[in-house]
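Shown next, in structure tokens, is the structure this report addresses.
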Amino acid sequence: MGIIALVAQLPYRLQILMGIIVGRIAYAVAKRRRHIARRNIDLCFPELSDGEREYLVKQHFETNGITMFETGMAWFMPYWRLRKRFVVKGKENWDQLKEKGVGALVIGLHFNTLEIANIHVSRLFNLHTSYRAHNNPVYDLIQHRGRERNNPTSEAINRYDMRGMIRVLKKGDWLWYAPDQDYGRKVSTFIPWFNIPAATLSATPRLLKVAKAQAVGITYRRLPGYKGYEIEFIPAFEDFPTGDDTADLVRLNQYIEDRVRENPAEYLWVHRRFKTRPEGRPNLYK
């Protein structure tokens, strides 16, 4: 962590270049992760040619390498050095909701720019984040502080702490929450994602109902030439949740799929999104 903190003080463009190099090395040597990313992309983009899908895998590894350095910047680089790197679209969509004093569940996705982009979002809104505690307590402490340092009133809330999530939503705050990963059979329902049954976190509609909160969207992308980041604030979902949990989850997965299709290279393909399978269905990652 000391090395990461020191590297985070280097010039921004140099760190981006170093990230690209690290990503290319990882593509060459990380066979298991390369296999997972390639398999996910093959499953989700069958309409692409073999060459196009392989190019997307290579792009993805480069973006992952950059993310290593962006995370250091998010946690250790002074904000004044980064603030000029952010371009904001659609902020008025969230401002309108904020004026009503209603809590909002921010439907986030695991784009690999989320750490660095959220440091700016947390300065614009009182944004709390749900997260998975790291197994290493030192790493977890630094991750926790890194995510809270740009807004002293924000909290990093363990993803299993439903009471904590409901509490911040009920008091009218904003909670970044990413329901786009496989959390296992016990807490999931199988819902199509890219036309494949995917274990989808079942709690999202219920969390919104209990907290009486609205769902809003957010997405990020790197600007051309690695000049910075565009953050887009997406309006509140209309008539959501409806009371039909299955229909709501189908709609949610379609929303997530649409956002991924807009920016596929920067999505987290090294996660085994289809790890949990319906009974009798084969393992997709052998």
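Atom set for the values below is all heavy atoms of this structure, side chains included, hydrogens, waters and symmetry mates excluded. Just so it is clear, the model here is predicted, and its values are computed rather than measured.
For the pair R251/Y255, no side-chain contact is recorded, criterion being any heavy-atom separation below 4.5 Å from C-beta on. Proximity of S202 to D245: side-chain heavy atoms (C-beta onward) are nowhere separated by under 4.5 Å. Using a 4.5 Å cut-off on side-chain heavy atoms (C-beta onward), V216 and L105 make no contact. Using a 4.5 Å heavy-atom threshold, the side chains of E62 and R24 count as touching. Inter-residue side-chain proximity for D248 and T204 is flagged as unmet; no heavy-atom pair is nearer than 4.5 Å. When side chains are defined from C-beta on, Y27 does not count as touching H60, because their heavy atoms never get closer than 4.5 Å. Within the 4.5 Å cutoff, the side chain of T67 has no heavy atoms near those of the T113 side chain. Looking only at side-chain heavy atoms (C-beta outward), M1 and Y139 come within less than 4.5 Å of each other.
For the residue pair E115/W75, the side-chain donor-acceptor check at 3.5 Å is satisfied. Side-chain atoms of E257 and N253 form no donor-acceptor pair, as typed in the model, at a separation below 3.5 Å. Side chain to side chain, N40 and Y285 meet the donor-acceptor criterion of an N or O pair below 3.5 Å. For the residue pair Y267 / D180, a side-chain donor-acceptor distance below 3.5 Å is found, with atom types taken as modelled. Under the 3.5 Å distance criterion, with hydrogens and angles disregarded, a donor-acceptor pair is assigned to the side chains of Y229 and E70. A donor and an acceptor atom, one from each side chain of H120 and Y79, are located under 3.5 Å apart.
Between R221 and E232, at least one side-chain N (NZ, or NE/NH1/NH2) sits under 4.0 Å from a carboxylate O, which counts as a salt bridge. Under 4.0 Å is where a charged nitrogen must lie from a carboxylate oxygen, and between R261 and E47 at least one such pair does. With salt bridges taken as basic N to acidic carboxylate O contacts below 4.0 Å, none links R38 and D42.
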### Message
Could you go through I36 and F274, starting from their C-alpha distance and side-chain angles, then the distance that decides it, and tell me whether this counts as side chain to side chain contact (heavy atoms under 4.5 Å, CB included)?
### Response
CA-CA 10 Å; I36 292 169; F274 307 108; over 6 Å; no

### Task
Test F233 against W174 for ring pair (Phe, Tyr, Trp, His ring centres under 6.0 Å), laying out the working first.
CA-CA 13 Å; F233 297 94; W174 300 64; 8.6 Å; no

### Query
Could you walk me through whether Q214 and L97 pass the side chain to side chain contact (heavy atoms under 4.5 Å, CB included) check?
CA-CA 9 Å; Q214 294 228 251; L97 192 60; 3.3 Å; yes

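Between the side chain of E230 and the backbone N or O of K89, no donor-acceptor pair lies under 3.5 Å. Within the 3.5 Å criterion, the main-chain N or O of H110 finds no donor-acceptor partner in the side chain of H271. A donor-acceptor distance shorter than 3.5 angstrom exists from the side chain of R81 to the backbone of Q9, with no hydrogens or angles considered.
The same ILVMFWY cluster, assembled from side-chain heavy atoms under 4.5 Å apart, contains both M162 and L201. The hydrophobic clustering, which links ILVMFWY residues whose side-chain heavy atoms are closer than 4.5 Å, places I157 and V187 together. Note on M68 and L10: same hydrophobic cluster, where clusters join Ile, Leu, Val, Met, Phe, Trp and Tyr whose side-chain heavy atoms are under 4.5 Å apart, directly or indirectly. Under a hydrophobic-cluster definition in which Ile, Leu, Val, Met, Phe, Trp and Tyr are linked whenever side-chain heavy atoms come within less than 4.5 Å, directly or via other members, V210 and M165 are assigned to the same cluster. The cluster map of Ile, Leu, Val, Met, Phe, Trp and Tyr, joined by side-chain heavy atoms under 4.5 Å apart, puts V29 and I21 in the same cluster.
Summarising the geometry, atom CG belonging to L124 is positioned 8.0 Å from atom NZ belonging to K98; distances are rounded to the nearest 0.5 Å. Taking CH2 from W176 and OG from S122, the interatomic distance works out to 13.0 Å, rounded to the nearest 0.5 Å.
Atom CD of E92 has more than 12 neighbouring heavy atoms from other residues, nucleotides or ligands inside a 6.0 Å radius. No more than 12 heavy-atom neighbours from other residues, nucleotides or ligands sit within 6.0 angstrom of CZ on R33. Counting heavy atoms of neighbouring residues, nucleotides and ligands inside a 6.0 Å radius, atom CZ of R163 does not exceed 12 of them. Within 6.0 Å of atom CG in N195, 12 or fewer heavy atoms from other residues, nucleotides or ligands are found, so the atom counts as exposed in its surroundings. Environment of NZ in K171: crowded, with over 12 heavy atoms of neighbouring residues, nucleotides or ligands closer than 6.0 Å. Within 6.0 Å of atom NZ in K209, more than 12 heavy atoms from other residues, nucleotides or ligands are found, so the atom counts as buried in its surroundings. Taking a 6.0 Å sphere around CE of M18, one finds it holds more than 12 heavy atoms contributed by other residues, nucleotides or ligands. In this structure, N136 places its CG atom where more than 12 heavy-atom neighbours from other residues, nucleotides or ligands lie under 6.0 Å away.
Considering every non-hydrogen atom in both P241 and P205, the closest pair reads CG-O, 3.8 Å. Residues R34 and V57 come closest through the heavy atom pair CG-CG1, 4.3 Å. Shortest non-hydrogen contact noted between D161 and G164 is OD1-N, 2.9 Å. Smallest separation of non-hydrogen atoms from G108 and P179: O-CD, 3.8 Å. T276 and G184 make their closest contact through OG1-CA, 3.7 Å (heavy atoms, listed as atom of the first residue, atom of the second, distance). Taking every heavy atom of both residues into account, N263 and Y220 meet most closely at ND2-O, 3.4 Å.
For the pair R273 and W193, the distance from NZ or CZ to the six-membered ring centre is under 6.0 Å and the angle to the ring normal is within 45 degrees. No cation-pi contact links R13 to Y226, judged by a cut-off of 6.0 Å to the six-membered ring centre and 45° from its axis.
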